[in-house]
Student: 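For reference, the structure I am asking about is given below.
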Amino acid sequence: FFFFATITGPKVEELVNVEIAWTSETDDAKALDLTVKTFRHYLRKEWKPGDFEGAINELSNRQVAAILPARDRFIILILAVLRKKTRKLWRKDLKLMLPMLDMLMVCSRMDKKSCERVILAALERVCQDTPKLFPVLVLDLYNSDFVDVE
């Protein structure tokens, strides 16, 4: 079967009116990568800092349009905000992202432990090339009360 989703965004050649035709061969990884890319662009070009509710609505719309599970909202957010950077820059981005993570956890139907597992999985993906930074990010999230000791 075919499903067409249109993700509209700012006027950038490769990101404007992106249409994805889902077939049985289309995998979720491609849809996730495209959603991360377009949401990252939204955050950098269209988002007004402080409008966390607007960002969460945009994130939810993009996740639904890509036919991804709701838990992928955490992954999309983390991958869009945290890029390959230094620890200092990641801390700055974490401060920006924490209110949005908090909103996602509140409106998610998942329990806190499940949310934490998804967040940790996204952090592992971010730190694939620099695994030594993974414990640093986890510690920063722990210090912000987003993950438990366990």
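All of these numbers come straight from a predicted model, not from anything done at the bench.
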Student: Tell me, do Arg73 and Val64 make a side-chain contact under 4.5 Å, heavy atoms counted?
Tutor: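 Touching, per the 4.5 Å side-chain cut-off.
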Student: Going by heavy atoms in the side chains, are Leu98 and Leu141 under 4.5 Å from each other?
Tutor: yes
Student: Output the distance between atom CD (Glu58) and atom CD1 (Ile56), rounded to the nearest 0.5 Å.
Tutor: 11.0 Å
Student: Under 4.0 Å between a side-chain nitrogen and a carboxylate oxygen: does that hold for Arg125 and Asp33?
Tutor: yes
Student: Hey, does Ile75 have a side-chain heavy atom less than 4.5 Å from the side chain of Leu68?
Tutor: no
Student: Listed by chain and number, what are the ring pair (Phe, Tyr, Trp, His ring centres under 6.0 Å) partners of Phe39, not counting sequence neighbours?
Tutor: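 So Phe39 forms a ring pair (Phe, Tyr, Trp, His ring centres under 6.0 Å) with Tyr42.
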Student: CD1 of Ile78 to CG of Asp72: how many Å apart, nearest 0.5 Å?
Tutor: 11.0 Å
Student: Please tabulate, one pair per line, all N/O donor-acceptor pairs under 3.5 Å involving side-chain atoms of residues 113-123, not counting sequence neighbours.
Tutor:
| unit_1 | atom_1 | unit_2 | atom_2 | d |
| --- | --- | --- | --- | --- |
| Lys113 | NZ | Glu150 | OE1 | 3.0 |
| Ser114 | OG | Asp111 | OD1 | 2.8 |
| Glu116 | OE2 | Lys112 | NZ | 3.2 |
| Glu116 | OE2 | Asp148 | N | 3.3 |

Student: I'd like to know if the side chain of Arg40 and the backbone of Leu79 have a donor-acceptor N/O pair within less than 3.5 Å.
Tutor: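 Flag set: sc Arg40 to bb Leu79 pair under 3.5 Å.
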Student: Which value, rounded to the nearest 0.5 Å, describes the distance between Phe52 atom CZ and Leu101 atom CG?
Tutor: 11.0 Å
Student: Check the pair Leu94, Leu137 against side-chain contact (heavy atoms from CB on, under 4.5 Å), reporting the backbone distance first and the verdict last.
Tutor: CA-CA 9 Å; Leu94 272 175; Leu137 281 173; 3.8 Å; yes
Student: Once you round to the nearest 0.5 Å, how far does CD1 of Ile76 lie from CZ of Arg62?
Tutor: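 Here the rounded value is 10.0 Å.
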Student: What distance separates Met103 CE from Leu77 CG, expressed to the nearest 0.5 Å?
Tutor: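 Those atoms lie 11.0 Å apart.
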Student: Are there over 12 heavy-atom neighbours, none belonging to Glu53, within less than 6.0 Å of that residue's CD?
Tutor: no
Student: Should Tyr142 and Ser144 count as side-chain neighbours, where that means a heavy-atom distance under 4.5 Å?
Tutor: no
Student: Quick one: do Met97 and Leu82 satisfy side-chain contact (heavy atoms from CB on, under 4.5 Å)? Show the steps, please.
Tutor: CA-CA 9 Å; Met97 183 178 63; Leu82 298 178; 4.2 Å; yes
